[in-house]
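Read through the structure below, which is laid out as structure tokens, and then see the notes.
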Amino acid sequence: MTTDHTAALAAFDHAIATGKGPGAAYAALEKLTQAVVGVKLFTVMEANMAEGISSRSYSSDPESYPVSGSKPINRTHWFDAVHVERRPFVANTIAEIATVFPDHEQIWSLGCGSVVNLPIFIADDFMGTMNILHEEHFYTPERVKRVMDVLAIPAKLAFLASPRI
């Protein structure tokens with residue numbers, strides 16, 4: 001994978017500037033993520049901290065992970081990483097994923113065994129996470145660094161450009 005992401009970032013910028021309709025900004029972010037680090041399953045979760053719930057607002061696989069409903073925010077070590085410490089949660093095996101996500105069997109059935117949950121903070125508020133999944137051991141420290149260095153700001157832009165659900 002190339003380390004020059006100029007063309008992919010330019011395409012993302014154009015898509016954000018011209019995209020219309022629900023999901024357009026997140027679809028552009030998914031495409032950028034694919035170019036920068038690779039992804040098999042891409043979702044975005046929005047957090048409503050006042051109500052203590054999160055909702056999926058985008059999914060690259062709406063059949064397996066539809067955009068609908070909400071679930072309670074659980075205060076686990078995952079929550080500590082993304083909300084308290086404001087750092088990505090990274091798990092590179094299905095066993096690690098199983099400690100946090102009750103749907104780990106479904107994740108595994110999609111050929112995914114590693115995850116990066118990138119927290120999105122805007123104006124000091126936890127807004128949600130960009131979630132990228134791939135095969136086991138895929139999200140190496142180098143790829144996670146690329147997520148932080150290249151995708152963190154576009155993730156915020158996509159969130160701002162997307163209607164809240």
Side-chain angles (χ1 to χ4, degrees), residues 1-3 5 8 12 23 25-49 52-122 125-159 162 165:
M1 210 164 283
T2 180
T3 57
H5 306 293
F12 171 79
Y26 291 142
L29 182 61
E30 177 190 356
K31 189 172 182 180
L32 177 61
T33 301
Q34 186 64 259
V36 172
V37 293
V39 63
K40 280 189 172 189
L41 175 64
F42 179 97
T43 67
V44 175
M45 295 292 291
E46 293 181 26
N48 181 328
M49 296 307 294
I53 59 171
S54 63
S55 305
R56 187 174 302 105
S57 55
Y58 181 84
S59 175
S60 65
D61 184 350
E63 186 174 309
S64 299
Y65 285 95
V67 175
S68 64
S70 61
K71 62 183 181 179
I73 294 172
N74 294 317
R75 297 183 188 255
T76 65
H77 65 282
W78 177 92
F79 180 85
D80 290 342
V82 300
H83 184 265
V84 178
E85 299 169 23
R86 298 181 178 207
R87 65 175 174 81
F89 174 82
V90 180
N92 266 305
T93 67
I94 197 63
E96 291 173 296
I97 288 171
T99 67
V100 178
F101 301 116
D103 60 340
H104 61 276
E105 290 178 0
Q106 182 172 355
I107 290 169
W108 187 246
S109 75
L110 297 173
C112 297
S114 62
V115 64
V116 177
N117 302 121
L118 178 68
I120 300 169
F121 282 85
I122 298 173
D125 289 327
F126 178 55
M127 307 305 290
T129 56
M130 176 185 88
N131 313 300
I132 57 176
L133 294 92
H134 214 295
E135 63 199 32
E136 279 194 318
H137 306 289
F138 187 81
Y139 292 116
T140 62
E142 177 191 72
R143 286 186 174 120
V144 174
K145 183 175 179 351
R146 258 189 266 148
V147 168
M148 295 300 299
D149 292 350
V150 182
L151 297 174
I153 291 174
K156 292 176 194 305
L157 292 174
F159 194 93
S162 298
I165 60 171

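Because the structure is predicted, anything quoted here is derived from the model rather than measured. Start at 1 with the first residue, then count along the sequence.
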Item to complete: In sequence, state the C-alpha distance, the side-chain angles, and the governing distance for Leu151 and Leu32, and then conclude on side chain to side chain contact (heavy atoms under 4.5 Å, CB included).
Response: CA-CA 8 Å; Leu151 297 174; Leu32 177 61; 3.6 Å; yes

Practice prompt. Tell me, yes or no, whether the heavy-atom count around Lys31 atom NZ, taken from other residues, nucleotides or ligands under 6.0 Å, exceeds 12.
Written response: no

Worksheet item: Does atom CD1 of Ile153 have more than 12 heavy-atom neighbours, drawn from other residues, nucleotides or ligands, at distances under 6.0 Å?
Response: no

Indicate yes or no: at least one non-hydrogen side-chain atom of [X] is less than 4.5 angstrom from one of [Y].
| X | Y | value |
| --- | --- | --- |
| Leu110 | Ser64 | yes |
| Met148 | Leu118 | yes |
| Thr140 | Arg143 | yes |
| Ile94 | Ile107 | yes |
| Phe101 | Val115 | yes |
| Ile73 | Met49 | yes |

Worksheet item: Applying salt bridge (Lys or Arg N to Asp or Glu O under 4.0 Å), which residue pairs with at least one partner in residues 84-93 are found, sequence neighbours left out?
Response: Glu85-Arg87, Arg86-Asp124

Worksheet item: Once the angle between the rings of Tyr58 and Tyr26 is folded into 0 to 90°, is it parallel (under 30°), tilted (30 to 60°) or perpendicular (over 60°)?
Response: tilted

Worksheet item: Parallel, tilted or perpendicular for Phe121 and Phe126, by the 30°/60° rule?
Response: tilted

Contact summary for [X] and [Y], nearest pair of heavy atoms:
| X | Y | answer |
| --- | --- | --- |
| Arg146 | His5 | CD-NE2, 3.7 Å |
| Ile120 | Met130 | CD1-N, 4.0 Å |
| Val82 | Pro119 | O-CB, 3.3 Å |
| Ala155 | Leu29 | CA-CD2, 3.7 Å |
| Val90 | Tyr139 | CG1-O, 4.1 Å |
| Ser59 | Val67 | N-CG2, 3.9 Å |

Roughly how far, to the nearest 0.5 Å, is the [atom2] atom of [Y] from the [atom1] atom of [X]?
| X | Y | atom1 | atom2 | result |
| --- | --- | --- | --- | --- |
| Phe159 | Ile122 | CZ | CD1 | 6.0 Å |
| Glu46 | Thr129 | CD | OG1 | 10.0 Å |
| Asp61 | Phe42 | CG | CZ | 13.5 Å |
| Gln34 | Ser60 | CD | OG | 9.0 Å |
| Arg56 | Thr43 | CZ | OG1 | 6.0 Å |

Discussion item. Let's go through Lys71 and Met45 carefully: what are the C-alpha distance in whole Å and the side-chain angles of both, what is the deciding distance for side chain to side chain contact (heavy atoms under 4.5 Å, CB included) to 0.1 Å, and is it a yes or a no?
Written reply: CA-CA 10 Å; Lys71 62 183 181 179; Met45 295 292 291; 3.7 Å; yes

Practice prompt. Keeping to residues at least two apart or across chains, list the side chain to side chain donor-acceptor pair (under 3.5 Å) pairs with something in residues 96-121.
Written response: Tyr65-Asp103, Trp78-Asn117, Thr93-Glu96, Asn117-Asn131

